[in-house]
Amino acid sequence: MNDAQPTDLRASAREMDDAGLCVLPTKADGSKAADVRSWSPYKVQRSVPAEHDQWFGGDRPRGIAVVYGAVSGNVEMIEFEGHAIEDGILDEVTDIMNASGLGEPWAQILTGWATESPSGGRHYRVRIEGADVPGNTKLASRLAREDEYTDEEKQRLREKPGTRIIRVQIETRGEGGYGLVEPSSGTVHASGKPYLRLEGGPASIPTLDADTMQAIRDICRMVDTLPKPETPKTAPRELPPLPGGGVRPGEDFDARADWDQIIGAHGWECLHQRGRTRYWRRPGKETRGISATTGHAPDKDRLFVFSSSTDFEAWTPYSKFAAYTLLTQGSNTTPAFKRAAADLRQQGYGSEPPRQRLSSVPRQSGPLNDGSSALDPDSIPDPDEHETAGGPDLRVVRNRPELDITNEADAIDGLLDIMASEQLPGLYKRSTGPCWVYEDDQGNPLVRQLGTDNLRAYLAEHVTTFQVVRDPFTEGTKEVRELVMPKTCGTILGRRDWPLLPLRGIVTSPVVRPDGTLVKAPGYDRATGLYMHPRVPLRRLQPQVSKESVERAKDIVLNQMLADFPFVDASDCAQYLGALLSPIIRPYVPGPTPVVIITSTSQGSGKTLLKDAFGYVYGLAETPWPENDAELRKSITAKLWDCGDPVIAMDNLPNGHIVKSPILSSLVTSANWSDRLLGSTSSVSIPNDRLWVLTGNNLRTGGDNARRTLWVRLDPDCPNPDQRDNFAVGDLRAWLTDNASTVVAALVTMVRGWLADGAKTVNTRMGDYSRWASVMAGILAYLEVPGWLANREAAAAVLDDEAEEWAAFLTAWHETIPEGRAVPTKELLGLKEDVPRLHNGDLPSPKQLGHWLKAREGRYYDDLKVVRVPDSHRKQNLWRVAKYGEGR
């Protein structure tokens, strides 16, 4: 007890009034209630000495109290309860004050006017400058211990279990509040004990500025130990434990991380540590005060921020994971927690998340081919033998590639990588995009240019695609089977190039590569880019070709298959054999081949059978002869675009039809065919690697088609050619059905023999086809088959209707009009019997005839040609006929 304190209430009232304090009397019944009718007026009007004399002048027992706030000169009282003193809270607060830079003002408070309450508590007063005194405030509390429960509290718990019984440890008396002071004693307090002065007195109350006092209050709040749950704003939602003992990244971070690496890394400074509690000052704060604590809560190491000048919400606890999320992601939303967890997982926090993989079953491929794929020409195959000789039906196991398509950009890159690694069987590319080879119902090869749906269906069959999604049960991930999105397929198809093997054509038999070697194995050939799709079963080739095997091959083709066809002469047979061999040597001699016209004098001569023989051996695509050139162009484009047969035929042209088409002329002289796809705005360029065949009775050519034609003529020279009998092989169609593979073997053997003999050629001039004609002449010379192109000039003269017509016209002109005289077209029309006619049989006009003459200027018909003689005087063209060698 301070010896300087007054011992009677009247003297104490005088001392407090002298210090500017408002004094009140209190009842001596232990209630601490004011002993006046109403003390509300004294919140704004200070009591006066006369009142003090009245209240404290008699013998009536009373206590004395001070009204705090503005009425007492802005004085506030800080009270530490007795149990707080016992718990060491005052010492802890003092340590924090000293560590935070508030030691000096706190010492002024402790030594200014200090009172000990009857319960052992401490009352300290301070005068605040620069702001109003706040109302009564509870600064720190804790849960009551069981041994502290009163009877009333025990009853309350019995009535409402779970009720929190709280003990306030630090509180203030401010505006609108009052508190008892010494020398109140006796029955004034329920304990009967007195209030004792420990330090100073009313005259020594320290004055502190409002900011300093607020910092002191904040530090007092820091020792509050009431459990405060994390709010949804500052913590991820509660989740059940992971199966198998798994640990989430946030949970692992809470357990292992230190606050130094969380807030310390962002400029927060640890000022003091008491036990496991640490006290922090935010970055940018002046040198006094504490901004937050960590480790104070008994259940979990949380950050509790008292300052409103930070990214954190004041008076709210944060777990380490929540604080890290706010500082690194800018918020505590669910997406932010997910991002933070992903970052922490990359830093090694959390157990490895389980990933449920797709169950994939390896698929088996088709029959394993050993690479030997052509007939042995020395033996005729067994009709029942359809499988590749040499061993069992082997199968290989191929694992489908797997691809994560969760991210579309990664999906596109992954699919292109799979394409480049050649893991996609049967997928190739043409200039217009990816394609595949397949069979129609008749076993004919077709090429499918892929659209979005086609590519998606193909990838569904050949690539195991999946997305990685979150597994809510394990908090790991799982792979879920998903097809590639259509827009992803569309993006891939929209590229200008694809990392796929190029498909340059389809062949249906062994063919000769440009280097003279043979493509023998079904499937894709890397050296040429050709895909072999055999039309008939293929067998092994002998390592060497013997002369006997070549003779055997000639016998099969010439003396059996072609023996009974009524070829007009040897040239027609040789030219058909050349056409029959052309698909085998097509890759060896790149470039176009002439159109093959098979014509006869009458029906039933065998022209259709010769055409069908291509189908038995190689496969044949057919399209009707169109009515006009526009339809012809569409038919050509459609067949080149998707069919894989090496021979395309137009059968049964009208009797006596004159083949005179600029479209056909362009086709058979072009290595590539360009056109617009039907129903599309895109143009395509397709290799023209087919043999084109026309059939009909008494066909003729006109225009440029004559010199682009390989004629095969038939003349049975009998009234009913379809009634002929006693053929060498009987029914040729049935024979070809049984022996097509034998014929293929024979044709391949003929070419192999020629290659083995040095692949000699015979120089043959045939315009755009000279190289092809020279190679074919060499093969037929090796085979000793005569007549190759021997009838070319005669056939051109007889079968070229236009040339014959113009030759007759120029001959009549030369004989009728004196030699060397130039005449106008009007005079030429006088040769009515010999002038070429319009399609309807009418004579042309002089102007039309002039156009025809210009188109044929300088061209020889037999040994005569048209010569133009301009007449500058009359401003017109005159015409004359010149004979070859004339004037030389």
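Computed over heavy atoms, backbone and side chain alike; hydrogens, waters and symmetry mates excluded. Note that the structure is predicted; figures quoted are calculated from it, not measured.
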- Query: For Thr701 and Trp711, what are the C-alpha separation, side-chain angles and deciding distance, and is it a side-chain hydrogen bond (donor to acceptor under 3.5 Å, both in side chains)?
  - Reply: CA-CA 10 Å; Thr701 57; Trp711 288 99; 5.0 Å; no
- Task: Check the pair Val729, Met561 against side chain to side chain contact (heavy atoms under 4.5 Å, CB included), reporting the backbone distance first and the verdict last.
- Result: CA-CA 7 Å; Val729 296; Met561 175 181 167; over 6 Å; no
- Kindly indicate, with the supporting measurements, whether the criterion side chain to side chain contact (heavy atoms under 4.5 Å, CB included) is fulfilled by Asp572 and Leu714. CA-CA 8 Å; Asp572 297 291; Leu714 300 176; over 6 Å; no
- Derivation and outcome, side-chain hydrogen bond (donor to acceptor under 3.5 Å, both in side chains), residues Asp768 and Thr669: CA-CA 7 Å; Asp768 293 331; Thr669 54; 4.7 Å; no
- Message: Pair Val775, Ile779 - check side chain to side chain contact (heavy atoms under 4.5 Å, CB included), show working.
- Response: CA-CA 6 Å; Val775 169; Ile779 295 174; 4.1 Å; yes
- Using the side chain to side chain contact (heavy atoms under 4.5 Å, CB included) rule, take Ile648 and Val693 through it: C-alpha gap first, then chi angles, then the decisive distance, then the call. CA-CA 6 Å; Ile648 302 176; Val693 178; over 6 Å; no
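A search for ring pair (Phe, Tyr, Trp, His ring centres under 6.0 Å) contacts involving His533 returns nothing, not counting sequence neighbours. Residues passing the ring pair (Phe, Tyr, Trp, His ring centres under 6.0 Å) test with Trp673, sequence neighbours excluded: none.
Looking only at side-chain heavy atoms (C-beta outward), Asp715 and Ser600 stay at 4.5 Å or farther from each other. Looking at heavy atoms from C-beta onward, Val447 lies in side-chain contact with Ile506 at the 4.5 angstrom threshold. Side-chain contact check for Asp757 versus Trp754: every heavy-atom pair is 4.5 Å or farther apart. Using a 4.5 Å heavy-atom threshold, the side chains of Asp642 and Arg448 count as separate. Within the 4.5 Å cutoff, the side chain of Leu500 has no heavy atoms near those of the Cys435 side chain. Using a 4.5 Å heavy-atom threshold, the side chains of Ile584 and Tyr618 count as touching. A heavy-atom distance below 4.5 Å is not found between the side chains of Ser774 and Val762. You'll find the side chain of Tyr616 reaches within 4.5 Å of the side chain of Arg733, heavy atoms only.
Exactly one of Pro583, Pro646, Pro534, Pro522 qualifies for a side-chain contact (heavy atoms from CB on, under 4.5 Å) with Thr508. That residue is Pro646. Screening Thr599, Asp569, Thr601 for a side chain to side chain donor-acceptor pair (under 3.5 Å) with Arg713, the sole residue that qualifies is Asp569. Partner of Trp788 under the ring pair (Phe, Tyr, Trp, His ring centres under 6.0 Å) criterion, chosen from Tyr576, Tyr782, Trp772: Trp772. When each of Leu732, Thr695, Ile598 is tested with Leu609 by the rule side-chain contact (heavy atoms from CB on, under 4.5 Å), just one qualifies, namely Leu732.
Within the 3.5 Å criterion, the main-chain N or O of Trp735 finds no donor-acceptor partner in the side chain of Asp738. Checked by atom type and distance alone, the side chain of Thr517 never pairs as donor or acceptor with a backbone atom of Arg513 at under 3.5 Å. With hydrogens and angles ignored, the 3.5 Å screen pairs no side-chain donor or acceptor of Asn739 with any backbone N or O of Thr742. Using a distance-only test at 3.5 Å, with no hydrogens or angles considered, a donor-acceptor pair links the side chain of Asn628 to the main chain of Glu631. Between the side chain of Ser770 and the backbone N or O of Arg765 there is no donor-acceptor pair closer than 3.5 Å. Looking only at distances, no side-chain donor or acceptor of Glu439 sits under 3.5 Å from a matching main-chain atom of Leu446. A distance-only check finds a donor-acceptor pair linking the side chain of Lys429 to the backbone of Trp498 [under 3.5 Å]. The closest donor-acceptor contact from the side chain of Tyr769 to the backbone of Val668 lies under 3.5 Å. Of the possible donor and acceptor atoms, none in the side chain of Thr749 sits under 3.5 Å from a partner among the backbone N and O of Leu747.
Ring centroids of Trp692 and Trp625 are separated by 6.0 Å or more, keeping the two rings apart.
For the atom pair OG of Ser582 and CG of Leu691, the computed distance is 5.5 Å after rounding to the nearest 0.5 Å. Annotation: the span from Asp440 atom CG to Cys643 atom SG amounts to 10.0 Å, rounded to 0.5 Å. With values rounded to the nearest 0.5 angstrom, Arg771 atom CZ is found 12.0 Å from Met776 atom CE. Atoms CG and CG, on Leu783 and Leu558 in that order, are 8.0 Å from each other to the nearest 0.5 Å. Expressed to the nearest 0.5 Å, how far CG of Leu580 lies from CE of Met750 amounts to 8.0 Å. Taking CG of Leu427 as the start and CG of Leu450 as the end, the distance is 6.0 Å to the nearest 0.5 Å.
When all heavy atoms are compared, the tightest approach of Trp852 to Pro836 is CZ3-O, 3.5 Å. Contact between Leu493 and Thr452 at its shortest, heavy atoms only, is CD1-N, 3.4 Å. Between Leu632 and Ser661, the shortest heavy-atom distance links the atoms CD2-OG, 3.3 Å. The shortest heavy-atom contact between Asn697 and Ser602 is OD1-O, 3.2 Å. What you find for Leu780 and Ala574 is that their closest heavy atoms are CD1-O, 3.6 Å. In plain terms, the two heavy atoms of Ser665 and Arg708 that are nearest each other are CB-NH1, 2.9 Å.
The pair Arg586-Asp689 does not count as a salt bridge, with every side-chain nitrogen at least 4.0 angstrom from each carboxylate oxygen. Checked for salt-bridge contact, Lys611 and Glu622 meet the test: a charged N lies under 4.0 Å from a carboxylate O. No salt bridge links Arg690 with Asp645; every basic N to acidic carboxylate O contact stays at or beyond 4.0 Å.
Counting only N and O atoms by type, the side chains of Gln560 and Asp555 include a donor and acceptor under 3.5 Å apart. Between the side chains of Asn652 and Lys607, no donor-acceptor pair of N or O atoms lies under 3.5 Å. If you check the side chains of Asn688 and Ser670, you find no donor sitting under 3.5 Å from an acceptor.
By the 30° and 60° cut-offs, the orientation of the rings of Tyr428 relative to Tyr524 is parallel. Note: Trp436 and Tyr438 have perpendicular aromatic rings, judged against thresholds of 30 and 60 degrees for the angle between ring planes.
In this structure, Asp453 places its CG atom where only 12 or fewer heavy-atom neighbours from other residues, nucleotides or ligands lie under 6.0 Å away. In this structure, Gln603 places its CD atom where only 12 or fewer heavy-atom neighbours from other residues, nucleotides or ligands lie under 6.0 Å away.
Because its NZ or CZ atom is both nearer than 6.0 Å to the ring centre of Trp641 and within 45° of the ring axis, Arg430 counts as a cation-pi partner of that residue.
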